[in-house]
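Protein chains get the first letters and strands the later ones, always in sequence-line order, with residue 1 at the start of each.
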2 protein chains.
Amino acid sequence: MTARDPIDIWRRPERSGVGPKPQHSRGQIAAAAIDIADRDGLAAVSVRRVARDMGTGPASLYRYLRSHDELIELMVDTVSGEYDLGPSGETPRDQLLALARQGRSIMHRHPWLAALLLTRPSMGPSTLRYLESALTAMESIDLPGPSKLQTVAMLTALTSAFVQNELSQPGNSGAANGAASDRVEYLSEAVRSGNYPRLASAFSGGNEPETPDDMFNGIIVGYLAGVGLRQLPQETPGAGEIQA
Amino acid sequence: MTARDPIDIWRRPERSGVGPKPQHSRGQIAAAAIDIADRDGLAAVSVRRVARDMGTGPASLYRYLRSHDELIELMVDTVSGEYDLGPSGETPRDQLLALARQGRSIMHRHPWLAALLLTRPSMGPSTLRYLESALTAMESIDLPGPSKLQTVAMLTALTSAFVQNELSQPGNSGAANGAASDRVEYLSEAVRSGNYPRLASAFSGGNEPETPDDMFNGIIVGYLAGVGLRQLPQETPGAGEIQA
DNA sequence: TATTGATTGCGAACAGTGTTCGCAATCAAG
DNA sequence: CTTGATTGCGAACACTGTTCGCAATCAATA
């Protein structure tokens, strides 16, 4: 479809000294796009719509961006700047957990974020700062560098996937739902058919369901424990207790 | 953009007895679409392209599908049928690990799959069979039903995210790469800038890198351990050893 | 056997998309 | 004050998903 998708936007200076003063800016464009996405869903973020909301024409935006893809990249990195970095706990585990919780709440604020984080690499300055912060939290951990990077990647993936699940649940009217009710309809048909007995019991088996917050904590803590991160830093893996 | 996205395709019969015999079928359409996606990337799967490859017009496909979204749904469920279900190990852990490994290899075969599984609910018959199979593997585990479901969901999310990472790595020429080289370029600039010291050391720190297969195993096993699944079924969490 | 009525095939058209082109307007440097 | 790079942006191109309308088909009914 589109020619190429360099995403080298972060290597280009926003402004280059000469010529007329720009009337817009990347930040302004990102803000407009984010506003649209928050309100009407990611699919509503077209070049034309963003331009219209800014009171200009579509072609103008291409002085600031090379492609629609870069617009999305800009959006992702901008909201990634909403992390409040800085120490937030004693142990590495607590710090990473706090980071993940912040991530979840950002993704709740911007329901389109989770899907994007899961499907594209995303390497803007804010993302790098976030990464650096997570690595700082793990500084005392004895793990090879690449493994730490993988751990962080999987942590944000887990967080995004969890939020994605939350958002597709019925009850969330967000920008593009209504499919949820269709799914439960088909699901209960399938369950009633008797072809999926364990599925059926898995659905009915739940009494006193955990709160989403508790489920999230449990998942993240469980994962971190699996990687070898217990309550105390440097502890030998396999000796601690799992505490959800 | 599009009107509504019911995805109630699985509740509609493919054929309804009366009228002229259809010249195509959902399966045929799915196969054509999958072929295109495997070859030229998911973005190349347009209604027109699928129709052309099948030797017909775009409007014809709408006798079998209600929307482009349903076409994607069909693709996902079709390749989800590539799982070889059935017992594949002794312990629940081993069975789930085997399932995850199969998933990874399917996603390697169809590089567009991972992103779709991460971003959409996807509830076709093949997906349900897969779910049922995973739940069967966990039958001996003492966990409430909803938690088991969450565990499976996170397992496939982790798998998909891992594969997604693999695919976006440089060296993968797949349908839509080339962005990879731009990213490493910007990344090494950032590292050289000195603003991200731990990031820098995390990248350089690696000697004797693990093979991707080992990393994958480690991640999945780690996660399952975190949920309470060690080598032996029913074992008390927190007492076993982590074995990558 | 003839007729009915639902279903299929599909060309044409509509509204919307990302993107490029070309030209006028602007501004800093020489 | 001229030069040359840069910005603003209307117009157009090649796409996209989707709908409409009508001819062709076939099973069940009269």
Please report, rounded to the nearest Å, how far the [atom2] atom of [N] is from the [atom1] atom of [X].
X: A:Tyr62; N: D:dA12; atom1: OH; atom2: C1'; answer: 14 Å
X: B:Leu61; N: D:dG17; atom1: CG; atom2: P; answer: 10 Å
X: B:Arg52; N: D:dC15; atom1: CZ; atom2: C1'; answer: 12 Å
X: A:Glu14; N: D:dT6; atom1: CD; atom2: P; answer: 15 Å
X: A:Arg66; N: D:dT6; atom1: CZ; atom2: P; answer: 12 Å
X: A:Arg12; N: D:dT7; atom1: CZ; atom2: C1'; answer: 15 Å
X: B:His68; N: C:dT17; atom1: NE2; atom2: P; answer: 17 Å
X: B:Gln28; N: C:dG9; atom1: CD; atom2: C1'; answer: 14 Å

Under 4.0 Å: is that the gap between some side-chain N or O of [X] and OP1 or OP2 of [N]?
X: A:Ser60; N: D:dC9; value: yes
X: A:Thr56; N: D:dG8; value: no
X: B:Tyr64; N: C:dT8; value: no

Looking at the base of C:dG18, is there any donor atom on it, or on the side chain of A:Arg48, that sits under 3.5 Å from an acceptor on the other one?
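Flag set: donor-acceptor pair detected.
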
A:Gly194 and A:Pro197: which non-hydrogen atoms are nearest, and at how many Å?
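Looking at all heavy atoms of both residues, the shortest contact is O-CD, 3.9 Å.
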
State, to 0.1 Å, how close A:Gln150 and B:Phe162 come at their nearest heavy-atom pair, and which atoms those are.
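For A:Gln150 and B:Phe162, the tightest heavy-atom pair comes out as NE2-CE1, 3.6 Å.
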
Quick check for you: among D:dG8, C:dT17, C:dG9, whose closest atom lies nearest to any side-chain atom of A:His24?
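Of all the options, the side chain of A:His24 is nearest to D:dG8.
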
Minimum-distance nucleotide (side-chain atoms of A:Pro22 versus D:dG8, C:dT20, D:dG17)
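Looking only at heavy atoms from C-beta outward on A:Pro22, the closest nucleotide is D:dG8.
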
Does [X] have any side-chain hydrogen bond (donor to acceptor under 3.5 Å, both in side chains) partners at least two apart in sequence or in another chain, and if so, which?
X: B:Ser46; result: none
X: A:Arg104; result: A:Glu166, A:Asp213
X: A:Asp77; result: A:Thr127
X: B:Arg12; result: B:Asp8, B:Glu70

What residues form a side chain to side chain contact (heavy atoms under 4.5 Å, CB included) with [X], not counting sequence neighbours?
X: A:Ala114; result: A:Met107, A:Ser160, A:Val163, A:Gln164
X: B:Ala31; result: none
X: B:Ala153; result: A:Asn165

Heavy atoms within less than 4.0 Å of DNA chain D: which residues of residues 111-123 of chain B have one? Give them sorted by number.
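Going residue by residue through residues 111-123 of chain B, none turns out to have a heavy atom under 4.0 Å of DNA chain D.
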
Pairs under 3.5 Å (N/O, protein and nucleotides 20-30 of chain D):
from, atom 1, to, atom 2, distance (Å)
D:dG21, O6, B:Arg63, NH2, 3.3

With B:Arg198, which residues qualify under salt bridge (charged side-chain N to carboxylate O under 4.0 Å, His left out), at least two apart?
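With sequence neighbours excluded, B:Arg198 shows a salt bridge (charged side-chain N to carboxylate O under 4.0 Å, His left out) to A:Glu132, A:Glu139, given in chain and number order.
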
Report yes if the side chains of A:Leu71 and A:Val50 come closer than 4.5 Å at any heavy-atom pair, otherwise no.
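The answer is yes, as the side chains (C-beta and beyond) meet within the 4.5 Å cut-off.
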
Side-chain donor-acceptor pairs under 3.5 Å in residues 57-64 of chain B, sequence neighbours left out?
from, atom 1, to, atom 2, distance (Å)
B:Ser60, OG, B:Thr56, OG1, 3.1
B:Tyr64, OH, B:Gln23, N, 3.4
B:Tyr64, OH, B:His24, N, 3.1

Note the angle between the end axes of the helix from C:dT1-D:dA30 to C:dG30-D:dC1, five pairs defining each, rounded to 10 degrees.
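Comparing the first five pairs with the last five, the axes sit 0° apart.
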
